[in-house]
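These notes are about the structure you will find just below.
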Amino acid sequence: QVRLVESGGGLVQPGGSLRLSCAASGGTFSSYTMGWFRQAPGKDHAFVAAISWGGVSPRYAPSVNGRFTISRDNPKNTVYLQMNSLKPEDTATYYCGADTSLIPSMNRRIYGAWGQGTQVTVSS
């Protein structure tokens, strides 16, 4: 079973940037599709971005498209989420998930392994 650990969250002002990391261990990272989801207070989990094992054809939620970039470094067993032009509505706990499907999914229930989350707060 793959184990995932997120890091890189914090407090940032509107318009600022953060890069989240998700380090994987205990599995064959290069075979997993990886996704980022977030949960704001009082709301359900929401899809943010996902990337295939080969790093091609990433998918993004409309609310983050053009501002966020998902990438992966398979030799380092790590997936990243670069977040630019952050807005207060991006405030949430961000989770990464691992999935064995070939095509990146926006469906949270597809993902079989999750990290503990990292908090992102966008506020002035």
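Everything quoted here is computed from the prediction, not taken from an experiment. Counting begins at 1 with the first residue of the sequence.
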Can you check side chain to side chain donor-acceptor pair (under 3.5 Å) on T93 and Q119, steps first, answer last?
-> CA-CA 4 Å; T93 301; Q119 177 66 38; 2.8 Å; yes
L4 and A24: which non-hydrogen atoms are nearest, and at how many Å?
-> CD2-CB, 3.6 Å
Between CD1 on residue I51 and CE on residue M34, distance to nearest 0.5 Å = 10.0 Å
When rounded to the nearest 0.5 angstrom, what distance separates CZ in F68 from OG in S17?
-> 9.5 Å
Applying salt bridge (Lys or Arg N to Asp or Glu O under 4.0 Å) to R19 and not counting sequence neighbours gives none
S105 versus F47, closest heavy-atom pair with distance = O-CE1, 3.7 Å
Using a cut-off of 6.0 Å, state whether more than 12 heavy atoms not belonging to W53 lie near its atom CH2.
-> no
Would you sort out whether E89 and T91 count as a side-chain contact (heavy atoms from CB on, under 4.5 Å), showing the intermediate values?
-> CA-CA 5 Å; E89 51 263 45; T91 295; over 6 Å; no
Nearest heavy atoms of W36 and L20, plus distance in Å | CH2-CB, 3.7 Å
Any chain of hydrophobic side-chain contacts (each under 4.5 Å) joining V120 to V48?
-> yes
Rounded to the nearest 0.5 angstrom, the CG-CZ distance for D99 and R109 is 14.0 Å
Nearest heavy atoms of S52 and P104, plus distance in Å | N-CG, 3.5 Å
Are Q13 and S124 close enough that a side-chain donor and a side-chain acceptor fall under 3.5 Å?
-> no
ILVMFWY network linking F29 to Y80, side-chain heavy atoms under 4.5 angstrom = no
Are the side chain of T33 and the backbone N or O of S101 linked by a donor-acceptor pair below 3.5 Å?
-> yes
Keeping the roles fixed (side chain from Y60, backbone from I70), state whether a donor-acceptor pair exists under 3.5 Å.
-> yes
Which atom pair, heavy atoms only, marks the closest approach of Q39 to K43?
-> NE2-O, 3.0 Å
List the atom of A113, the atom of V2, and the distance in Å for their closest heavy-atom pair.
-> CB-CG1, 3.5 Å
Euclidean distance, L86 CG relative to S123 OG, rounded to 0.5 Å = 12.0 Å
Starting at OG of S21, measure out to CD of E6 and round the result to the nearest 0.5 Å.
-> 10.0 Å
Inter- and intrachain pairs under salt bridge (charged side-chain N to carboxylate O under 4.0 Å, His left out), touching residues 62-84, at least two apart = R67-D90
Hey, any chance Y111 and M106 share a hydrophobic cluster, counting ILVMFWY side chains that come within less than 4.5 Å of each other, even indirectly?
-> yes
Mind checking whether F37 and Y95 have ring centres under 6.0 Å apart?
-> no
Does atom CD1 of I103 have more than 12 heavy-atom neighbours from other groups under 6.0 Å away?
-> no
Residue of the set V64, T118, L81 for which side chain to side chain contact (heavy atoms under 4.5 Å, CB included) holds with R38 = V64
Between atom OG1 of T100 and atom CD1 of I110, what is the distance when rounded to the nearest 0.5 Å?
-> 9.0 Å
